[in-house]
Every structure is written in structure tokens, then in C-alpha cells.
Amino acid sequence: MTAEAAAVRLKTEEDEPGWEVDPDDDWGVAVIATVGRQLRLRREAVGMSAAEFGRAVGYGEDMVYKIESGKRIPRPEYLDKADEVLRAGGLIAAMKEDVAKVRYPKKVRDLAQMEARAVELQLYDPLNIHGLLQTPEYARALFMMRRPAFSMDDIERGVAARAARKAVFERESAPELSFVQEEWVLRRPLGGREIHRQQLVYLLELGQLRNVEIQVMPLHREEHAGTEGGIEVLKFEDGSAVGRSPGVANGRPVSEPRQLRILELRYGIIRAQALPPREALAFIEQLLGET
């Protein structure tokens with residue numbers, strides 16, 4: 001291939017794997033179909049063929065048709081370039097926010113929506129630093145370690161989805177957040193020394209927030225109420241709640257009072273067995289000094 005040919009090579013599906021629409025995601029399908037329809041109508045309104053438009057934005061004609069028919073999720077750069085080429089005055093570029101949400105797995109969006117409604121969150125993760133507490137670098141390191149290996153596109157998609165959930169810390173009426181982390185998890189330098197240090201610093205910063213309590217379960221505890229796995233309990237303003245744990249209902253979300261009572265009992269004992277927040281932050285600060 002000559003340098004001139006390479007310079008005008010248009011992108012195809014092989015260049016952007018992982019941007020297909022999940023057919024089981026009804027909301028995502030509807031959003032991408034609407035965006036695609038708007039793109040097609042605007043392209044036709046200015047009298048451009050799909051091939052002409054594709055050359056203008058750097059994509060092959062087949063990709064243009066697939067995006068316009070709602071079969072492919074357009075990348076942010078595609079929407080920015082389309083806005084410029086079609087002289088949409090920012091209206092196409094403004095679609096990026098909803099399109100970005102479609103890129104997140106449906107279960108992550110559903111979880112983020114519940115977290116956005118919650119007034120109290122009780123969270124225990126025995127294996128990793130909880131997703132809401134992770135830096136982007138730490139989250140990326142975890143995704144890089146998954147086997148079978150994720151594609152780089154899927155890794156960045158996961159990191160972005162995890163980062164989007166952090167909006168829970170920025171809400172005007174922020175919920176009460178309680179976390180319990182295992183000492184051995186905090187000591188393990190996943191991603192390397194620098195990423196580990198940044199993560200510990202971030203935990204110390206979050207631990208200063210008035211609505212956030214971070215506790216640490218010491219390694220030397222001889223009793224532990226969390227041996228059946230992680231626990232998540234989200235409570236809502238109307239008095240309802242939803243919880244999840246591998247040790248209850250095979251990990252399915254539960255809202256029945258009897259099952260929620262089991263989760264809250266276990267979480268309460270875990271908190272009692274863990275270092276209280278002030279001592280936990282002192283421990284993290286000490287660990288940072290040793291790292």
C-alpha cells in the first residue's frame with residue numbers, strides 16, 4: 001500500500017471492534033436508532049451520498065450505513081466530525097452523552113441508576129478495592145488482568161463505565177456511603193507501585209468526605225462475618241432497599257425483608273469487626289508511607 005493510499009484509507013468494522021449494539025438492550029437500541037436516523041436525515045438534507053459523507057468523516061460507506069441504520073454505535077469523534085461536515089451547530093455533537101451511556105453494559109447502567117437514587121450504600125468487597133473507590137488507573141489494571149483477555153476497546157469501555165458511577169459522590173444530596181475493605185487487598189500492589197500509591201492517596205481523599213466512611217478488616221482477625229462473599233445494600237428514600245451477596249439467593253438482587261435482614265446483619269457484624277473509620281484512615285496512611 002502506498003503512502004498516499006494509506007493516508008486516505010477509510011475506517012471499517014475491523015478498525016473498531018466492540019462497537020456493536022447489544023440487541024437485548026432495548027434502551028440502547030432505541031437511542032442508537034434515533035441517532036442514526038438523525039444522521040441520515042441531516043446527510044440527505046445537505047445532498048450528500050453515504051459514500052461522500054464517509055470520505056468526509058474518514059469512514060467507509062458500509063460503516064456509514066450501519067451507523068445510520070442503528071447497527072453500530074458511533075464513536076465520539078465520528079459525531080464531532082459529522083457535526084462539522086453537516087454544519088449541525090453542535091446538535092449532533094450533543095448526542096455524545098446519551099451515546100456514551102449505551103457503551104456501558106446494561107447491568108452497569110442499571111446499577112448506576114440505583115446508586116443515583118440511593119440515600120445509603122453499604123458495601124463490602126473482599127477481593128478488590130470497591131469499584132466506586134477505584135482510580136481509573138487501578139480499574140484499568142484490573143481489566144487488563146482479566147482472562148480471557150479483554151480487547152483494549154472493552155477495557156476502556158469498562159474504565160469509563162466505572163468512572164461514570166462516581167457521580168454518586170457529586171450529587172447535591174449525597175448519600176451516606178459505608179465501605180469495608182480487606183487489609184490484604186490494600187496491601188496488594190496491583191498495577192505496580194505507582195498505581196498502588198495513587199490508589200491509596202485517593203482512598204485517603206475520599207475518606208475525608210463527611211458522607212463517606214471507609215473501614216479496614218485487619219488480617220489478624222480470628223472471626224469474620226464476610227466469609228460468604230461481598231455484600232451490597234442500597235437503601236432508598238421511600239424506605240425500600242435492594243441487596244446482593246453470593247451467600248444469599250445465589251447472588252441475585254433481593255428486596256424481600258427477610259433476605260435483606262440477613263445481609264444487613266452480616267454487614268453490621270463485619271463493620272463491628274473492622275477498624276473504625278479514623279483508625280482505618282490512619283492505617284492506610286501508614287501503608288502509603290511503607291509503599
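Numbers here are sequence positions counted from 1. Reckoned from all heavy atoms, side chains included, excluding hydrogens, waters and symmetry mates. The model shown is predicted, which means the values in this text are computed figures rather than measured ones.
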Go through the steps for I129 and Q181 under the test side-chain contact (heavy atoms from CB on, under 4.5 Å), then give the verdict. CA-CA 7 Å; I129 292 171; Q181 294 288 166; 4.2 Å; yes
Which atom pairs, one a donor and one an acceptor, fall under 3.5 Å between side chains of residues 198-205 and the rest of the protein, sequence neighbours left out?
{"from": "Q199", "atom 1": "OE1", "to": "T135", "atom 2": "N", "distance (Å)": "2.9"}
{"from": "Q199", "atom 1": "NE2", "to": "L133", "atom 2": "O", "distance (Å)": "2.8"}
{"from": "Y202", "atom 1": "OH", "to": "K166", "atom 2": "NZ", "distance (Å)": "3.4"}

Side-chain contact, heavy-atom cut-off 4.5 Å: L123 with L132? yes
With a 4.0 Å cut-off on N to O distance, would you call E68 and R37 a salt bridge? no
Pairs flagged by salt bridge (charged side-chain N to carboxylate O under 4.0 Å, His left out) wherever residues 79-92 is involved - sequence neighbours left out: D80-K96, K81-E84
Please assess S245 against Y267 for the test side chain to side chain donor-acceptor pair (under 3.5 Å), listing each intermediate value before the final yes or no. CA-CA 11 Å; S245 174; Y267 189 76; over 6 Å; no
Sidechain N-carboxylate O distance under 4.0 Å for E264, K235: yes
Exercise: identify the closest heavy-atom pair between V159 and A139: CG2-C, 4.3 Å
Sequence neighbours left out, cut at 3.5 Å: what donor-acceptor pairs do the side chains of residues 214-230 make with other protein atoms?
{"from": "Q215", "atom 1": "OE1", "to": "R271", "atom 2": "NE", "distance (Å)": "2.6"}
{"from": "Q215", "atom 1": "OE1", "to": "R271", "atom 2": "NH2", "distance (Å)": "3.1"}
{"from": "Q215", "atom 1": "NE2", "to": "R271", "atom 2": "O", "distance (Å)": "3.0"}
{"from": "Q215", "atom 1": "NE2", "to": "L275", "atom 2": "O", "distance (Å)": "3.2"}
{"from": "R221", "atom 1": "NE", "to": "Q273", "atom 2": "O", "distance (Å)": "2.5"}
{"from": "R221", "atom 1": "NH2", "to": "Q273", "atom 2": "O", "distance (Å)": "3.1"}
{"from": "H224", "atom 1": "ND1", "to": "G226", "atom 2": "N", "distance (Å)": "2.8"}
{"from": "H224", "atom 1": "NE2", "to": "Y124", "atom 2": "OH", "distance (Å)": "3.3"}
{"from": "H224", "atom 1": "NE2", "to": "E182", "atom 2": "OE2", "distance (Å)": "2.5"}
{"from": "E228", "atom 1": "OE2", "to": "R266", "atom 2": "NH2", "distance (Å)": "3.1"}

L142/Q134 under side-chain contact (heavy atoms from CB on, under 4.5 Å): CA gap, chis, key distance, verdict: CA-CA 10 Å; L142 290 183; Q134 293 174 10; 3.5 Å; yes
Sort and list the pairs that fulfil side chain to side chain donor-acceptor pair (under 3.5 Å) and have at least one residue in residues 139-150, not counting sequence neighbours. R140-E156
Could you note down all residue pairs passing ring pair (Phe, Tyr, Trp, His ring centres under 6.0 Å) where residues 129-158 supplies at least one of them, sequence neighbours left out? H130-F179
What do you reckon, is CD of E52 surrounded by more than 12 foreign heavy atoms closer than 6.0 Å? yes
Determine all donor-acceptor pairs shorter than 3.5 Å in which one atom belongs to a side chain in residues 276-291; sequence neighbours excluded.
{"from": "Q286", "atom 1": "NE2", "to": "E290", "atom 2": "OE2", "distance (Å)": "3.1"}
{"from": "T291", "atom 1": "OG1", "to": "L287", "atom 2": "O", "distance (Å)": "2.7"}

Checking R188 against E183 for the side-chain contact (heavy atoms from CB on, under 4.5 Å) test, could you report, in this order, the C-alpha distance in whole Å, the side-chain angles of both residues, the deciding distance, and whether it holds? CA-CA 9 Å; R188 189 173 55 182; E183 176 184 342; over 6 Å; no
